[in-house]
Protein chains: 2
Amino acid sequence: MVTLSDVAKKAVVSKMTVSRVINHPDKVSPELRELVYKAMKDLNYVPNFTARALVQKRTQVIKLLILEEMDTTEPYYMNLLTGIAVGLDKYHYALQLVTRNSHEIGPCDGVIATGMRIEDYENIIEQLEPPVVLFGHNDKGYDFVDVDNEKGIQMATQHVIDLGYNEILFFGIDLDEPFMQTRIKGYQKMIEKHNLNSHLFMMKNSSHVSQAKATKQLEKDEERIAFVCASDRLAIGVVRAAQALGLLIPQQVAITGFDGVFLDQISSPKLTTVRQPVMEMGEALADMLLQKIDLDGERLGNRIFQPELIIRESTIK
Amino acid sequence: MVTLSDVAKKAVVSKMTVSRVINHPDKVSPELRELVYKAMKDLNYVPNFTARALVQKRTQVIKLLILEEMDTTEPYYMNLLTGIAVGLDKYHYALQLVTRNSHEIGPCDGVIATGMRIEDYENIIEQLEPPVVLFGHNDKGYDFVDVDNEKGIQMATQHVIDLGYNEILFFGIDLDEPFMQTRIKGYQKMIEKHNLNSHLFMMKNSSHVSQAKATKQLEKDEERIAFVCASDRLAIGVVRAAQALGLLIPQQVAITGFDGVFLDQISSPKLTTVRQPVMEMGEALADMLLQKIDLDGERLGNRIFQPELIIRESTIK
DNA sequence: TTGTAAGCGTTATCAT
DNA sequence: ATGATAACGCTTACAA
């Protein structure tokens with residue numbers, strides 16, 4: 001194993017100079033700096049993260065605090081997890097999962113939290129010692145990463161309006177969380193803008209439930225109906241409802257989903273959906289938190305990711 | 001932060017005695033041992049993994065070597081990843097992903113490999129310096145974790161036979177890998193045992209492809225047909241094919257899937273499937289590898305997980 | 001059985 | 001700008 005000392009010897013400088021070249025290159029004269037770079041390259045030097053962590057009193061552990069009931073089989077959460085893991089691995093950090101039930105958070109260098117309810121800020125988030133980054137919008141001053149939910153639903157709604165639909169139903173998830181409120185707002189704004197009637201249907205995020213609700217609406221025998229759904233899971237249920245009634249997609253029924261993680265491709269016809277870059281958002285969470293740790297908890301601001309409208313067979317021939 | 005020294009002082013022993021109580025409790029007299037345990041508890045001592053890793057020259061990094069083209073959005077792989085991460089986190093290990101394209105594996109304490117082709121053993125696996133555990137059966141003497149694929153398909157096949165079906169088609173994935181060969185074998189054994197005719201159909205693992213193939217078979221207008229599928233993804237396509245032709249599931253067409261990770265629940269009717277405990281298998285991989293590292297690479301043997309037949313609406317009313 | 005001393009590879013601190 | 005020294009928390013090797 002090649003160490004700092006080996007590089008120092010090879011470059012005929014002290015260990016400290018090598019350490020400085022790595023951490024504060026600007027504090028070393030250009031000549032020595034080059035010498036050290038060359039020695040590192042020749043010896044194929046790889047810094048020892050463990051030694052650095054020890055002296056800097058770091059645990060090299062990040063906790064992911066999940067405050068909502070999550071279905072670990074959901075590809076959505078899995079992708080987020082993977083994104084975070086990818087981001088952390090670059091700096092040799094390990095990830096640990098913590099839920100509401102865990103009595104203590106335990107020692108760590110930073111926390112990523114998701115699924116907070118209002119009271120959680122006071123009871124949990126504020127109590128946290130290490131730096132925190134949140135997944136999902138908040139107005140309490142915490143750094144966060146989120147997708148532009150309003151814009152996403154607006155794109156989907158505008159899309160079916162452009163296709164000539166004027167009976168447009170919104171199928172949402174019955175959770176009183178900011179992300180849902182924002183999606184509802186996006187829908188309603190577009191509906192108002194085009195002088196259409198608003199139809200909100202809130203339900204459990206289950207394809208079987210949305211199938212039942214959609215069936216009821218479709219049996220009313222209207223001319224052409226569009227469904228703007230708050231998840232791909234809901235959208236898949238609507239697809240099945242239309243098919244069971246022998247209605248043509250997308251000629252008589254248009255359907256849009258939300259997430260674009262996995263289910264959109266499984267559906268037949270394939271779903272038009274609002275894709276969230278979930279994995280990238282996970283990576284951004286990790287990047288942001290690690291940077292924040294480096295800067296001793298300094299405020300960094302937010303990162304809002306732009307969703308992408310992916311147009312497929314459920315809305316267009 | 002509470003350290004070994006703090007505990008040592010409190011218990012009025014040397015640091016080494018405390019260290020021994022942690023690592024080799026049997027080498028310390030019962031009296032001192034109890035004293036130390038009490039001190040640790042009183043002070044709420046948490047060992048510093050970083051310091052231990054440094055002196056033991058460990059990287060605290062495990063590499064996951066993925067040798068097949070994988071779709072990271074697949075819930076199956078995501079669950080495996082999550083399982084491994086959960087297993088590693090218990091010992092403060094970090095996980096890094098490596099693919100076939102990575103030029104070097106890089107420094108690490110151990111490797112979990114998956115998706116090997118025959119030539120990979122000689123070219124890659126054998127060259128690995130640190131301990132290795134494989135995901136998926138092999139007969140080269142490497143420790144591995146796998147599910148009993150043959151048993152799984154046999155259960156599914158037996159199940160539809162029990163339902164009175166005697167026209168049973170196997171829908172497989174066109175990959176020449178051990179796991180597929182074993183599933184085919186499971187199907188054929190059961191078919192022979194019951195003196196039925198074997199019908200193999202191999203294809204890409206896509207619901208759209210299986211839908212097309214199933215449609216062709218179903219249009220032949222046989223009495224009752226059962227489809228034993230090698231993945232839930234294939235099974236979902238078959239469900240759609242039957243529904244589009246107006247056939248009744250499970251009265252006229254019975255369908256079984258394989259994996260039981262996520263898609264089985266999305267389908268309508270819900271899928272009868274052979275559930276693999278993917279997350280647990282990931283955790284087992286991590287456990288086994290960490291144990292192997294501790295034992296300096298010693299042979300540990302294999303762990304074969306038993307699949308579970310989950311019976312749902314696609315085969316039974 | 002228990003303790004002492006040295007050292008793992010790095011960085012902080014202080015001196016030059 | 002550069003270097004010497006100590007320290008981070010732990011374990012290995014050896015001594016008592």
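Residue numbering restarts at 1 for every chain, and letters A, B, ... go by the order of the sequence lines.
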OP1 or OP2 of D/dA1 under 4.0 Å from side-chain N/O of A/Ser29: no

Presence of B/Lys57 side-chain N/O under 4.0 Å of C/dG9 phosphate oxygens OP1/OP2: yes

Along DNA chain C (nearest heavy atom to each residue), the more 5'-positioned of B/Lys15 and A/Leu4: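 Upstream on the strand: B/Lys15.
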
Nearest-nucleotide 5' precedence on DNA chain C, B/Met16 against A/Asn48: B/Met16

Nearest-neighbour nucleotide for the B/Val55 side chain, C/dG7, C/dT4, C/dG9 considered: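 It is C/dG7.
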
Minimum-distance nucleotide (side-chain atoms of A/Val28 versus C/dG3, D/dT2, C/dT11): D/dT2

Sugar-phosphate, base or nothing in reach of B/Phe49, heavy atoms under 4.0 Å: nothing

Charged N-O contact under 4.0 Å between [X] and [Y]:
| X | Y | result |
| --- | --- | --- |
| A/Glu129 | A/Lys63 | no |
| B/Glu283 | B/Lys90 | yes |
| B/Lys9 | B/Asp42 | no |

Euclidean distance, atom NZ of residue B/Lys27 to atom C1' of D/dC14 [Å, nearest integer]: 14 Å

Approximate separation, where rounding is to 0.5 Å, of B/Leu290 CG and B/Met288 CE: 11.5 Å

